Amino acid sequence: MPIYQRAKEAGVFDSSEVALLGRVFEKLKTEGQSPERREALASRVIANYQAGIKDEEELAAVSKLPLGR
């Protein structure tokens with residue numbers, strides 16, 4: 001699953017953080033989504049979490065949007 005691989009690559013997360021990231025990812029992924037889109041979603045979820053968004057619902061809401069660069 002992309003979220004677990006991305007979490008591992010991004011750094012050290014404890015089990016509760018990985019569970020939170022996984023729940024948000026599961027809420028946002030869609031059926032038939034390409035592997036590339038799922039990778040991008042996983043990256044957004046983790047980036048937003050690392051930016052300080054720790055509330056599950058808020059994390060899901062902002063992770064629906066593309067990352068600003």
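Quick caveat: nothing in here was measured; it's all calculated off a predicted structure.
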Salt bridge check: are Lys27 and Glu57 linked by an N-O gap of less than 4.0 Å?
yes
Would you give the length of the straight line joining atom CG of Leu20 to atom OG of Ser15, rounded to the nearest 0.5 angstrom?
11.5 Å
Closest contact, heavy atoms only, Glu58 versus Asp55:
N-OD2, 2.9 Å
State whether Glu17 and Lys54 are salt-bridged, where the test is any N-O pair (Lys NZ or Arg NE/NH1/NH2 against Asp/Glu carboxylate O) under 4.0 Å.
no
Return yes if some donor-acceptor pair links the side-chain N/O of Arg38 with the main-chain N/O of Phe25 below 3.5 Å, else return no.
no
Identify the two heavy atoms, one from Leu28 and one from Ser63, that lie closest to each other, and give their separation to 0.1 Å.
CD1-CB, 3.6 Å
For the pair Arg44 (side chain) and Leu65 (backbone), establish whether a donor and an acceptor sit closer than 3.5 Å, ignoring hydrogens and angles.
yes
Contact check, side chains of Tyr49 and Val24, non-hydrogen atoms, under 4.5 Å:
no
Are Phe13 and Gln50 packed together at the side-chain level, in the sense that at least one heavy-atom pair is separated by less than 4.5 angstrom?
yes
From Asn48 atom CG to Ile53 atom CD1, the distance as rounded to the nearest 0.5 Å:
4.5 Å
